[in-house]
Protein chains: 2
Amino acid sequence: MKDVASAAGVALKTVSRVVNGEPGVHPATAERVREAIDRLGYSRNESARVLRAGRTSTVGLVIEDLADPFYSVLGRAVEDVVIGEGCLLLSASSSEDPARERELVRTFCARRVDGLIMVPAGHDHSYLRQELEAGTPAVFADRPPGPGLDVDTVLCDNAGGAVLATRHLLAHGHRRIAFLGDDPSIFTAARRLHGYRSAMGHLYDERLVAMRTPTPGSVRADLERMLSLDRPPTALFTGNGRLTVTALRALEGRPMALTGFDDFELADLLTPGVTVVAQDPAGMGRIAAELLFRRLSGEDAPPRHVTLPVRLVPRGSGELPP
Amino acid sequence: MKDVASAAGVALKTVSRVVNGEPGVHPATAERVREAIDRLGYSRNESARVLRAGRTSTVGLVIEDLADPFYSVLGRAVEDVVIGEGCLLLSASSSEDPARERELVRTFCARRVDGLIMVPAGHDHSYLRQELEAGTPAVFADRPPGPGLDVDTVLCDNAGGAVLATRHLLAHGHRRIAFLGDDPSIFTAARRLHGYRSAMGHLYDERLVAMRTPTPGSVRADLERMLSLDRPPTALFTGNGRLTVTALRALEGRPMALTGFDDFELADLLTPGVTVVAQDPAGMGRIAAELLFRRLSGEDAPPRHVTLPVRLVPRGSGELPP
DNA sequence: GGTGAGGCGGACAACGTTGTCACCCGGGAT
DNA sequence: ATCCCGGGTGACAACGTTGTCCGCCTCACC
């Protein structure tokens with residue numbers, strides 16, 4: 001900018017004025033400055049501007065895994081809102097590791113992001129309080145913050161969706177319905193178990209439930225165990241998209257009624273089509289980002305808690321008879 | 001930092017030294033400073049540091065669509081390298097719009113990203129020359145830069161993969177093999193068409209080729225047209241993952257030998273399994289990022305052009321007889 | 001006890017931008 | 001003629017950090 005100023009024969013401040021479209025510059029002077037800018041290929045140093053202004057026009061996104069279809073769709077929706085607000089998006093994957101998450105948040109805050117959007121791992125987010133008090137708002141998506149912290153949160157109706165899926169299988173005549181879920185320390189997994197359990201009522205049988213971090217091997221073992229019971233399950237409810245796919249592979253074509261939580265691409269092309277409880281990751285990302293920008297524009301209401309509806313998509317696998 | 005200094009009763013610079021682990025500070029002083037830092041919840045303002053240092057430790061990623069499985073996997077791989085180098089990743093989707101891409105690059109450069117990784121849209125990247133000369137290296141992934149610009153580039157073996165796929169179908173007895181590709185102005189689409197054509201040799205028949213931005217409707221129409229020919233195709237080669245899926249839907253279960261470019265999740269679970277030519281998006285992202293960091297660490301060699309191999313994954317659909 | 005070295009701490013400038021305020025100058029009102 | 005006004009312009013400080021350089025204090029050694 002200094003160079004531009006001397007090239008145009010004006011003061012630094014005049015260049016600044018032209019760059020920022022501020023009034024009070026003679027059109028001829030402005031033209032001279034613009035010409036010098038083009039000639040020198042100058043572009044404003046955003047770092048310095050940020051230092052002065054205090055706002056970075058940057059939002060940090062911490063998700064579990066950018067490569068996961070669910071989160072990448074969520075991330076894209078966040079990105080669209082963020083770009084639309086003239087900001088940029090810093091994204092990072094926590095890999096479901098609370099320590100890494102914390103480190104990423106720390107890094108983002110040191111970079112003075114204007115706000116954070118998080119799909120949290122772990123249950124202790126007290127370290128965020130300091131940042132919140134320092135004026136960096138955060139919005140949680142998909143999972144709520146740990147106890148003792150209350151901020152804007154967007155969830156889907158996990159329990160309701162699980163009830164929906166379970167009742168759907170019950171309505172098609174199943175009484176022995178197995179549930180494969182993720183580690184119950186994950187909020188969504190616990191809520192979905194809760195919905196399944198309440199829908200099952202007196203039919204609930206803990207031998208038909210397996211909750212742990214899924215691997216192909218663990219899913220296969222769990223299924224084998226259940227299928228060798230005296231009264232084996234005739235239907236399966238899987239607690240998230242990855243589990244649904246893993247279970248389908250483990251079943252190796254053995255017919256079994258199946259309803260999964262989370263929609264996934266190609267669910268309609270499998271034989272039979274896979275019945276799912278679909279949520280809306282793009283909507284979740286968009287709403288989370290919108291909530292964040294409301295905070296950034298000064299809204300000072302109590303934390304909002306948005307619950308997005310889910311819907312059952314029957315495609316065949318959930319309508320198989322026992 | 002000023003506050004920390006006065007709280008600890010030392011000078012600004014001493015706090016800076018402690019924060020940066022520089023030598024020449026008495027352990028007791030350092031401890032006092034650290035205590036004050038904890039007490040005040042201070043964290044270094046990265047913007048100011050950046051302003052001083054000139055490096056932002058930030059990398060910009062411009063891809064077509066963060067939500068696309070191919071690109072999100074690529075993005076995740078880039079992210080891992082970037083984080084591993086102590087930097088952060090700014091990501092943005094161009095939506096295949098050259099103007100938006102250019103705007104994003106401009107924004108990234110104004111923010112003084114240390115480097116750029118791009119999956120380019122459009123064919124004119126001359127606007128990058130200025131940034132390159134200003135010392136912001138760029139690496140292209142999946143597609144090369146437009147004419148007149150030569151930078152580090154990571155591609156997959158598009159033509160070779162198309163040859164592989166076509167020969168595979170030929171080897172299984174097919175002579176009428178259709179090709180559905182994306183708009184030929186897209187580099188990868190053109191290369192794959194080229195591979196297909198050269199593998200077909202005298203069997204090539206332009207009536208069996210459709211190249212345009214795919215929509216469910218256009219794919220359906222193209223297939224209908226080809227299937228109503230006197231000598232309809234007995235096999236289909238689809239030019240990218242999205243096309244493969246769209247074509248599978250349009251076929252509605254009609255049996256047809258099929259080989260697709262790009263692997264996709266669940267390809268193995270369909271009936272029959274979908275034979276594909278698989279590339280390695282994670283490897284592409286990782287290598288692109290590594291090339292970038294080599295430039296950033298001062299490497300001044302001529303631009304490198306890496307071509308990643310592809311491999312044929314037979315799963316059933318490509319082995320169907322005519 | 002004087003002196004030099006080395007360890008430690010501090011003052012100051014600079015990074016590139018913008019907000020504040022003051023200046024200059026011409027023209028119209030008094 | 002004096003004053004004032006306001007459009008156009010510029011000088012300067014400040015944002016928070018770090019590199020440079022300088023000075024002080026202590027300790028060991030002569």
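Every chain is numbered from 1, with letters handed out A, B, ... down the list of sequences.
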Can you check nucleotides 12-15 of chain D for protein contacts, nitrogen or oxygen pairs under 3.5 Å, and list what you find?
unit_1	atom_1	unit_2	atom_2	d
D:dA14	N3	A:Arg52	NH1	2.6

Could you list the protein-to-nucleotides 22-28 of chain C atom pairs, N/O on both sides, closer than 3.5 Å?
none

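Considering only side-chain N and O atoms, A:Thr14 lies nowhere under 4.0 angstrom from the phosphate OP1 or OP2 of D:dG8.
Rounded to an integer number of Å, the gap from A:Asn20 CG to C:dT18 C1' is 8 Å.
Residues B:Arg112 and B:Pro23 both approach DNA chain C. Their nearest nucleotides, taken by heavy-atom distance, put B:Pro23 toward the 5′ side.
B:Val19 comes within 4.0 angstrom of no nucleic acid atom, judged by non-hydrogen atoms across all strands. At the heavy-atom level, A:Ser47 lies nowhere under 4.0 Å from the strands shown. As judged by a 4.0 angstrom heavy-atom cut-off over every strand, A:Arg44 is placed among residues touching the sugar-phosphate backbone only. A:Ser16 comes within contact range of at least one nucleobase, with a heavy-atom separation under 4.0 Å. Using a 4.0 Å heavy-atom cutoff across all strands shown, A:Val50 reaches no nucleic acid atom at all.
Between the side chain of A:Arg17 and the base of D:dG10 there is at least one donor-acceptor pair of N/O atoms closer than 3.5 Å.
Smallest separation of non-hydrogen atoms from B:His125 and B:Pro120: NE2-CB, 3.2 Å.
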